[in-house]
*Asks:* 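Okay, here's the structure, questions in a sec.
In what follows, chains are A, B, ... by sequence order, proteins preceding strands, each numbered from 1.
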There are 2 protein chains.
Amino acid sequence: MDRIQLQNSFQAYFNELGYDIDWQRLTVPMDVHVIRKGDYLFQQGDFANRLYFLHSGLVRYVSVSDEGKEFTQTFAKSPRIIGSTKAMVTETRVLFGIQALEDSMISSYPWRAFYEQMRQDVGFLECYAKFLERIFIAKEERENAFVKHSAERRYLDFCADYPELKNVIPQQQIASYIGITPVALSRIRQKLNRR
Amino acid sequence: MDRIQLQNSFQAYFNELGYDIDWQRLTVPMDVHVIRKGDYLFQQGDFANRLYFLHSGLVRYVSVSDEGKEFTQTFAKSPRIIGSTKAMVTETRVLFGIQALEDSMISSYPWRAFYEQMRQDVGFLECYAKFLERIFIAKEERENAFVKHSAERRYLDFCADYPELKNVIPQQQIASYIGITPVALSRIRQKLNRR
DNA sequence: ACCAATAATTAACCTAGGTTAATTTCTTCT
DNA sequence: AGAAGAAATTAACCTAGGTTAATTATTGGT
């Protein structure tokens with residue numbers, strides 16, 4: 001597929017951030033990744049210092065503890081920019097993996113080179129800052145929910161926030177997003193049903 | 001105190017972010033806040049849409065649940081930029097309060113006006129983006145610790161990360177940073193001592 | 001130096017959620 | 001449609017951390 005054509009699917013996304021990106025000008029080489037449902041774009045511990053554009057599909061950010069317990073940090077639906085800010089910016093290993101929950105199509109650029117080419121552009125910088133604000137605020141709100149609400153409440157919130165996911169992804173993934181085991185979630189659902 | 005002189009104490013902070021801010025050019029009116037130990041710069045639920053410069057002192061970000069349980073999101077030591085990105089950017093109520101743990105001196109600007117005046121400056125935008133990256137990464141790492149480590153481990157990590165705070169702030173605040181009750185922390189310490 | 005207030009410890013008891021394992025339901029593949 | 005695997009439910013039991021409350025330090029103000 002043609003590169004410009006592919007990237008054009010992100011026009012709306014950037015417009016929403018108040019920016020009109022000029023893909024022609026960008027000479028950094030692009031990669032394309034086709035990830036099948038269940039497979040990983042990258043795994044926890046990799047050096048994932050690239051910027052990824054999720055063109056189609058659905059992914060989750062998942063980190064697993066030493067004891068093998070999974071935690072789903074967030075879900076992302078196309079069109080969306082994905083990746084690890086930390087790994088990109090500090091060139092360190094990434095703390096989570098990205099797993100496709102549906103077959104997904106992703107393009108990517110090496111962050112350092114991409115940024116070097118775009119940082120001349122004030123519009124881009126403003127857009128990038130806005131993007132960072134947005135993901136930071138999302139984390140702030142999620143942290144808040146974890147601290148202030150019970151698991152039951154977090155489940156109810158999940159159902160309200162992601163109505164389209166509720167019946168599409170397996171319950172164990174919902175549980176790992178809420179921060180409990182599938183068994184505990186099943187118990188909560190049972191309790192809710194009895195009302 | 002003279003405004004420029006006051007702000008100059010942040011020169012080093014900005015240099016570290018690769019930027020040399022020109023305070024002369026900034027005409028937005030500045031406020032000064034002197035907060036005594038224990039008092040709040042702002043409370044959870046306020047509209048704190050300002051950018052704050054912590055010139056001297058030490059603060060904590062604390063949010064309290066409906067049941068009155070406190071959670072310390074983070075500590076900040078001068079010199080440091082503080083405030084709520086969410087409340088500044090979206091003009092919504094802030095999800096946490098900022099409490100002084102030592103007598104603190106803070107200057108502030110209304111974010112919207114400050115940003116309007118600075119956004120012309122590419123250097124500032126890069127610096128702002130770098131700042132956002134930094135606080136985002138800190139949150140990412142903290143989330144990681146919460147998900148992957150036990151309370152005992154989190155306490156040990158706190159002691160390693162904040163050696164200077166360990167004997168300065170009350171233990172209940174350490175407990176609320178770790179996400180447990182003071183009673184539970186006391187138990188953990190007892191267990192560690194017996195070794 | 002003393003008092004009052006605040007913080008920390010300890011103990012007894014409670015609860016949400018974890019663990020293991022058996023059973024049932026849903027998917028997916030041929 | 002039927003078999004094999006994966007997901008969800010349920011039950012019995014366990015544990016980290018919460019709750020309450022009594023006891024013992026610490027701290028700060030006069």
*Asks:* Please work out which of the three classes, parallel, tilted or perpendicular, describes the rings of F14(A) and W23(A), given edges at 30° and 60°.
*Replies:*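 Judged by the thresholds at 30° and 60°, the geometry between W23(A) and F14(A) is perpendicular.
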
*Asks:* Enumerate the residue pairs fulfilling salt bridge (Lys or Arg N to Asp or Glu O under 4.0 Å) with a member in residues 27-42 of chain A, sequence neighbours excluded, ordered by first and then second residue.
*Replies:*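 Salt bridge (Lys or Arg N to Asp or Glu O under 4.0 Å) check on residues 27-42 of chain A returns D31(A)-R50(A), R36(A)-D103(A).
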
*Asks:* So G179(A), base contact, sugar-phosphate only, or nothing? Heavy-atom distance under 4.0 Å.
*Replies:*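 Since only primed, P, OP1 and OP2 atoms lie under 4.0 Å of G179(A), the category is sugar-phosphate.
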
*Asks:* Could you state the CD-C1' distance from Q173(A) to dA8(D), rounded to the nearest angstrom?
*Replies:*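 After rounding, the reported distance stands at 14 Å.
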
*Asks:* Looking only at heavy atoms, which two atoms of S84(A) and F96(A) are closest? And how far apart?
*Replies:*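 What the structure gives for the nearest pair is CB-CZ, 3.6 Å.
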
*Asks:* At under 4.0 Å between heavy atoms, which parts of nucleotides 24-30 of chain C does protein reach? Answer with one letter per nucleotide, 5' to 3': B base, S sugar-phosphate only, - none.
*Replies:* -------

*Asks:* Examine Y13(A) together with F53(A) and report whether their ring centres are nearer than 6.0 Å.
*Replies:*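 For Y13(A) and F53(A), the ring centres are not under 6.0 Å apart.
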
*Asks:* Closer than 4.0 Å, any side-chain N/O of T181(B) to the OP1 or OP2 of dG18(D)?
*Replies:*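 True: T181(B) side-chain N/O within range (under 4.0 Å) of dG18(D) OP1/OP2.
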
*Asks:* Indicate the atoms forming the closest heavy-atom contact of R80(A) with A76(A), along with that distance.
*Replies:*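 Minimum heavy-atom separation between R80(A) and A76(A): CG-CB, 4.1 Å.
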
*Asks:* Please tell me if Q171(A) has a side-chain N or O lying less than 4.0 Å from either OP1 or OP2 of dT9(D).
*Replies:*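 Yes, such a contact exists.
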
*Asks:* Please tell me if Q190(B) has a side-chain N or O lying less than 4.0 Å from either OP1 or OP2 of dT9(C).
*Replies:*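 Negative; the distance criterion is not met.
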
*Asks:* If you check every side-chain atom of P170(A), which of dG18(D), dA7(D), dA7(C) has the closest atom?
*Replies:*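 From the listed options, dA7(D) comes nearest.
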
*Asks:* Check whether any side-chain nitrogen or oxygen of R187(A) sits under 4.0 Å from OP1 or OP2 of dT10(D), and answer yes or no.
*Replies:*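 The answer is no; no side-chain N or O of R187(A) sits under 4.0 Å from OP1 or OP2.
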
*Asks:* Using the six-membered ring wherever Trp is involved, compare the ring planes of Y177(B) and Y162(B) and label them parallel, tilted or perpendicular (cut-offs 30° and 60°).
*Replies:*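 The rings of Y177(B) and Y162(B) stand perpendicular, inter-plane angle above 60°.
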
*Asks:* Counting only side-chain N and O atoms of Q172(A), is one of them less than 4.0 Å from OP1 or OP2 of dA7(D)?
*Replies:*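 Checking dA7(D) against Q172(A), a side-chain N or O does come within under 4.0 Å of OP1 or OP2.
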
*Asks:* Check the distance between dA16(C)'s P and I178(A)'s CD1 and give it to me in whole angstrom.
*Replies:*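 These atoms are roughly 16 Å apart.
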
*Asks:* Please pick, from dT19(D), dT9(D), dG17(D), the nucleotide with the shortest atom-to-atom distance to any side-chain atom of R189(A).
*Replies:*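 That would be dT9(D).
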
